[in-house]
Amino acid sequence: MPRIVCIGGAVQDIFLYQSSDLAPVCEQPDECFVELKLGAKVDVNAIVSGTGGGATNAAVTFARQGIEAAFYGVVGDDLAGAAVLQQLDEEGVDTRHVVHSSKHQTGVSVLLLVPGGERTIVTYRGASTHYREEDFSLDMVQADWLYITSLAGNMQVLNKLVAQAKQQHMKIFFNPGKGELEQAEQLRNVLSHVDVLLANKQEMQQIVSGDTAAELVRQALNLVPCAIVTDGPRGAVASDGKMVVAAGQYDGEPAVDRTGAGDAFGSGFLSQWAQGASLERAMWVASANAASVVAQVGAKAGILPRYTELHDMPLVVRELPHQLQRDKGASTPEQSDETVADTEVEETQEEADQ
Ligand SMILES: Nc1ncnc2c1ncn2[C@@H]1O[C@H](COP(=O)(O)OP(=O)(O)OP(=O)(O)O)[C@@H](O)[C@H]1O
Ligand SMILES: [Mg+2]
C-alpha cells in the first residue's frame, strides 16, 4: 500500500439547516441568495458538527481505503483543534506532525445549508492560514505521494514542500486553493513539478483557457502529465496524456450538502491512481466517493470505506487522439478543435444532467 502525506487546511465545520428562514431566493437560475435580515433571529431545526479542511478530508479517504495517511497542517490550542485531531486519530490518520499555534485559533466555518446541497459559508480561517516555512519539513519523510490542498497562497511554503518532495522522490497531487490561483505566474512554476492537477471548471479557467471540461483538461496537459477537471453534478473529465475519461454523475442518494465534493473526488481518485489503477477505475471510485459525500451532511461522513461495491455509472473512455498525446509533444493551444472525446464528454455530461 502507498503512503500519502496530506498538507493543507484543517477546520471545524458547523452545519445549520432545516430552516424556512434559509429558503434561497433566485434572481437568475445560478444566482441565488439566502436573505438574513439584520437584527433578525434565524431558527434552524438541525445542526451537525464535523471537521473539514481539504487535507483532512483527503487523509480520511486514504485511511478508509486502507492507505497509510498523514496530515500536516496547523491548528490552535483550542476545542476546535482538539475536535479535528480527535477525528483524524479515530480514523487512523497520522497527526504527529501537526503544528499547534499558540497565536491563532483553529479555523471554524458555519455552513448555512439549503435543500439540494448548496450552502453559504461564514468562515474564520484562523490557524490554517498561518503557515511558516520552519513548521514543515519533508526531509525525513518517506512517502509515495504528497497531496497538497490550499496553503492559503503561501508560495514560499509551497515551493519548499514541492522541492523537498521531489528530492525525496515523492509524487505530487495538487488541488490549488483560491490563494494559489490568484498568483498565476508562481503557480505555473509549481505546476512543472506536479504529477496530478485537480481543479473544478472555474478554477481551471484561471490556469488555462477553455469552455468545456474536456478542453480545459487538454490545455492543462501542457502543464502537467495528468489533469482532472470537475464540473459539479455534471461530473468530471480527466486525462493522463494517453487516455481521456469522462465521468457523468454516479447515481446515489440525493445530494444534501456539497461540502467536500471536490476533496472526496480528488482523494478517491488518488486512492486508486497511487495503487497503479487505470484512469477509468480512478475516475469511477472518485465519482462514487464524491456522490456518497454529497449525500450526507458534512465533508467526511459519506467517505467510502475500502471494498465498497460500486455500481455502473456513465463513463466514456477514449484514447487521446494521437496528435494530442503528451508523449508525442504536440499538444499546443492551437489544437483545441473538437475531438471524438469532446462530443462524447458532452453527451455523457448531458446524460448526467437528466
Ligand atoms: N450534486 C451532486 N451529485 C452527485 N455528485 C456530485 C454532485 N456535486 C458534485 N458531485 C461530484 O463531485 C465532484 C466534484 O464536485 P465539484 O466540481 O462541485 O467540486 P468543487 O467545486 O471542487 O467542490 P468543493 O466545494 O468541495 O471544493 C463532481 O465531479 C461530481 O463527481
Ligand atoms: Mg474544490
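Both ligands and their constituent atoms are indexed starting at 1 by order of listing.
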Could you give the side-chain donor-acceptor pairs of residues 168-190 under 3.5 Å, partners two or more places apart or in another chain?
from: Gln168; atom 1: NE2; to: Leu138; atom 2: O; distance (Å): 3.2
from: Gln168; atom 1: NE2; to: Asp139; atom 2: O; distance (Å): 2.9
from: Gln168; atom 1: NE2; to: Val141; atom 2: O; distance (Å): 2.8
from: Asn175; atom 1: ND2; to: Leu198; atom 2: O; distance (Å): 3.0
from: Glu180; atom 1: OE1; to: Gly177; atom 2: N; distance (Å): 2.7
from: Glu180; atom 1: OE2; to: Leu151; atom 2: N; distance (Å): 2.9
from: Glu180; atom 1: OE2; to: Ala152; atom 2: N; distance (Å): 3.3
from: Glu180; atom 1: OE2; to: Gly153; atom 2: N; distance (Å): 2.8
from: Gln183; atom 1: OE1; to: Gln186; atom 2: NE2; distance (Å): 3.4
from: Gln183; atom 1: NE2; to: Gly153; atom 2: O; distance (Å): 2.8
from: Gln183; atom 1: NE2; to: Gly179; atom 2: O; distance (Å): 3.0
from: Arg188; atom 1: NH2; to: Ile207; atom 2: O; distance (Å): 3.2

Next on the checklist: Is it true that, when you exclude Glu133 itself, more than 12 heavy atoms of the residues, nucleotides or ligands shown sit nearer than 6.0 Å to its CD?
Outcome noted: yes

Checklist entry - So His104 and His130, would you call those rings parallel, tilted or perpendicular, with 30° and 60° as cut-offs? => result parallel

Next on the checklist: In this structure, would Phe71 and Val99 fall into the same cluster of hydrophobic residues linked by side-chain contacts under 4.5 Å?
Outcome noted: no

Next on the checklist: Quick test of your reading: applying salt bridge (charged side-chain N to carboxylate O under 4.0 Å, His left out), list the pairs with at least one residue in residues 93-113, sequence neighbours left out, ordered by first then second residue.
Outcome noted: Asp94-Arg96

Next on the checklist: Applying disulfide (SG to SG under 2.5 Å) as the test, list every pair that has at least one member in residues 155-185; sequence neighbours left out.
Outcome noted: none

Checklist outcome for this item: Residues with a heavy atom under 4.0 Å from ligand 1, by chain and number, are Arg119, Asn200, Thr230, Asp231, Gly232, Pro233, Gly235, Ala236, Gln249, Ala255, Arg258, Gly260, Ala261, Gly262, Phe265, Ala290, Val294

